[in-house]
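Indexing begins at 1, ligand by ligand and atom by atom, following the structure's order.
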Amino acid sequence: MGADKLLSFEEAIEKYEPVLGFEVHVELSTKTKMFSGAPNEFGGAPNTHVAPVDLGLPGSLPVVNEQAVRYAISLGLALGCSIAESSRFARKNYFYPDLAKNYQISQYDEPIAFEGEVEVELDDGTLVRVPIERAHMEEDAGKLTHVGGATGRIHGAEYSLVDYNRAGVPLVEIVTKPIFGAEDRAPELARAYVATIRDIVRSLGVSEARMERGNLRCDANISLRPRGQEKLGTRTETKNVNSLRSVERAIRYEIQRQAAILDAGGTIIQETRHWHEDTGTTSPGRPKSDADDYRYFPEPDLLPVMPSKELIAELRAALPESPAAFRRRLQAEYGFTDSEFRDIINANLLVEMEQTVAAGAAPAQARKWWLGEILRIANARGVEAGTLITPLHVSELIALVESGQLTDRLGRQVLEGVVAGEGSPDEVVKARGLAVVSDDTALLAAIDEALASQPDVLDKIRDGKVQAAGAVIGAVMKAMRGQADAARVRELVLERAQA
Ligand code: MN
């Protein structure tokens with residue numbers, strides 16, 4: 001497999017128009033699976049969360065998970081879709097070892113949700129409307145682990161292990177229509193679209209939507225057509241790209257790869273492709289099957305899903321504020337500039353910010369701590385800032401600093417303690433003995449000691465050179481390892497001079 005030839009991105013876009021499309025699979029966080037009572041839990045020893053239905057054992061029959069249907073309807077509504085009065089499950093037939101039944105129960109010609117639209121915001125605030133074709137329910141397959149190969153892929157592996165814990169986990173697959181007009185911002189739009197779906201799903205609480213765990217998986221389609229040509233080009237589908245940044249990179253790479261082939265007079269093969277994080281390239285997967293190959297037919301073991309108008313109205317009324325509206329509202333409330341606000345969004349800290357402010361912190365202080373010290377620690381450790389500390393603890397920390405019980409410097413030490421799991425800010429203050437000392441007796445003792453080595457300071461102050469007090473304050477702060485209340489020390493030194 002030789003290296004692909006690439007055209008420069010700029011030249012590719014000048015000659016060809018990119019047309020995007022996405023299939024995003026979202027694992028629903030129901031208690032049990034889509035068609036069985038087995039637990040839907042991440043982790044667990046292999047093949048322990050498995051019911052007969054998940055293995056396709058003879059005589060086992062599927063039962064639709066009501067909560068999964070409710071989640072799918074909520075998600076469909078949040079995507080601006082119409083909800084079908086009647087929708088049907090269908091069998092999608094194919095053999096693969098991670099699918100013990102030899103078919104996946106999915107939806108085909110009657111999906112539960114169809115014809116929606118999602119507003120996606122690019123980094124500079126440009127809004128793009130992405131048309132949604134459908135959102136349908138289906139079940140996940142099991143997970144194969146290939147052992148012995150160099151890359152963990154099937155090629156070169158000596159044997160493979162199968163874990164059916166994931167088999168039957170409820171999924172919603174969200175399919176877009178072709179997306180035109182993204183032009184040179186196609187890679188950025190790809191990332192922003194997946195981020196938007198993730199945010200919507202999280203705001204609904206229907207999935208944890210953690211890409212690194214596979215709760216949210218994106219297949220990114222892209223085709224190119226020469227400028228001025230109406231007919232769509234042949235598309236490729238890059239599978240299971242598992243981070244937002246990878247989605248952007250994969251689309252950019254495919255544009256450059258396909259452009260080079262077209263430029264050389266070649267043809268694009270309709271196929272799935274694998275994204276390789278390490279090399280930043282894609283490689284061929286399998287030729288893309290057409291729907292005909294799957295011999296879809298209505299699932300005979302399940303009744304159509306016919307949600308009542310009342311249920312749909314109830315779920316519509318319960319929809320939370322959309323992430324886009326949430327963002328607009330918070331920016332207005334916080335009074336931040338566009339760029340100040342974008343920093344928060346880019347750091348994925350909007351929810352944390354809102355909860356910190358809701359717990360009592362001023363927006364400017366919340367922004368200072370989250371985007372400052374907390375983000376610095378998070379970046380150093382390569383984790384999300386939101387996983388380090390709870391918004392409540394950040395708010396408590398800010399209150400301690402604002403009330404003068406902690407200096408900024410002590411606040412940072414308390415933060416380190418909280419992040420290290422030593423407890424709440426109050427508990428860390430106590431355990432580490434970090435509070436600012438404002439007890440006059442202790443402060444006066446330190447002041448007298450400092451004055452003993454700088455006896456002329458009091459005379460200078462009496463002569464009107466008040467700034468001379470700075471040397472004593474500095475010495476006291478140093479002696480008390482930063483824990484003195486500097487304002488009180490200053491007052492006490494001036495009182496000493498008047499005595
Ligand atoms: Mn699917």
Side-chain angles (χ1 to χ4, degrees), residues 20-30 33-35 40 54 56 62 64-65 68-69 71-73 75-76 79 81 84 87-114 116 118 132-144 164 166-178 193-194 197-198 200-201 206-207 209 211 213-222 235-242 247 250 270-275 285-299 302 305:
L20 291 166
F22 300 97
E23 292 160 30
V24 172
H25 285 85
V26 179
E27 279 186 352
L28 302 178
S29 50
T30 52
K33 292 189 179 177
M34 188 72 220
F35 303 112
N40 172 20
D54 308 323
V64 176
N65 182 326
V69 174
Y71 281 174
I73 293 173
L75 183 46
L79 299 170
C81 289
S87 79
R88 252 196 317 195
F89 288 101
R91 288 191 183 180
K92 181 180 184 181
N93 297 283
Y94 65 98
F95 168 77
Y96 207 66
D98 61 5
L99 186 75
K101 298 200 300 293
N102 279 3
Y103 59 85
Q104 178 192 33
I105 305 181
S106 180
Q107 294 193 301
Y108 180 53
D109 50 352
E110 297 181 43
I112 186 139
F114 55 95
V118 173
I132 303 293
E133 181 173 302
R134 57 192 275 146
H136 66 255
M137 297 182 284
E138 60 185 30
E139 58 180 333
D140 212 342
K143 190 169 172 50
L144 292 172
Y164 289 110
R166 201 178 66 184
V169 165
L171 294 175
V172 170
E173 179 176 342
I174 303 164
V175 183
T176 68
K177 295 181 182 177
Y193 170 74
V194 179
I197 296 297
R198 180 198 62 186
I200 289 173
V201 163
V206 301
S207 172
M211 293 187 81
R213 278 194 179 180
N215 298 145
L216 189 144
R217 306 195 288 270
C218 173
D219 303 337
N221 295 298
I222 185 146
R235 67 190 160 89
T236 60
E237 176 181 343
T238 303
K239 305 288 284 182
N240 292 342
V241 196
N242 66 2
V247 175
Q270 183 172 332
E271 63 187 355
T272 66
R273 299 193 58 95
H274 295 297
W275 167 249
R286 58 180 162 82
K288 179 70 180 167
S289 314
D290 284 324
D292 288 350
D293 298 328
Y294 291 117
R295 313 310 301 172
Y296 279 99
F297 65 87
E299 167 59 60
L302 292 168
V305 175

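- Classification of K101 and E139 as a salt-bridged pair holds, one side-chain N sitting under 4.0 Å from a carboxylate O.
- Around the Mn ion (ligand 1), the angle linking H25 (NE2) with E173 (OE1) is 90°, rounded to 10 degrees.
- At a threshold of 2.8 Å, the Mn ion (ligand 1) has no backbone or side-chain N, O or S atom of H136 nearer than that distance.
- For Y294 and Y103, the gap between ring centers reaches or exceeds 6.0 Å.
- At a cut-off of 2.8 Å, E23 is not counted among the residues with an N, O or S atom near the Mn ion (ligand 1).
- In this structure, L216 and V24 have side chains that are in contact, with non-hydrogen atoms separated by less than 4.5 Å.
- Ion pairing of R91 with E299 is present here, as a side-chain N (NZ or NE/NH1/NH2) and a carboxylate O approach within less than 4.0 Å.
- In E138, the N, O or S atom that comes nearest to the Mn ion (ligand 1) is OE2.
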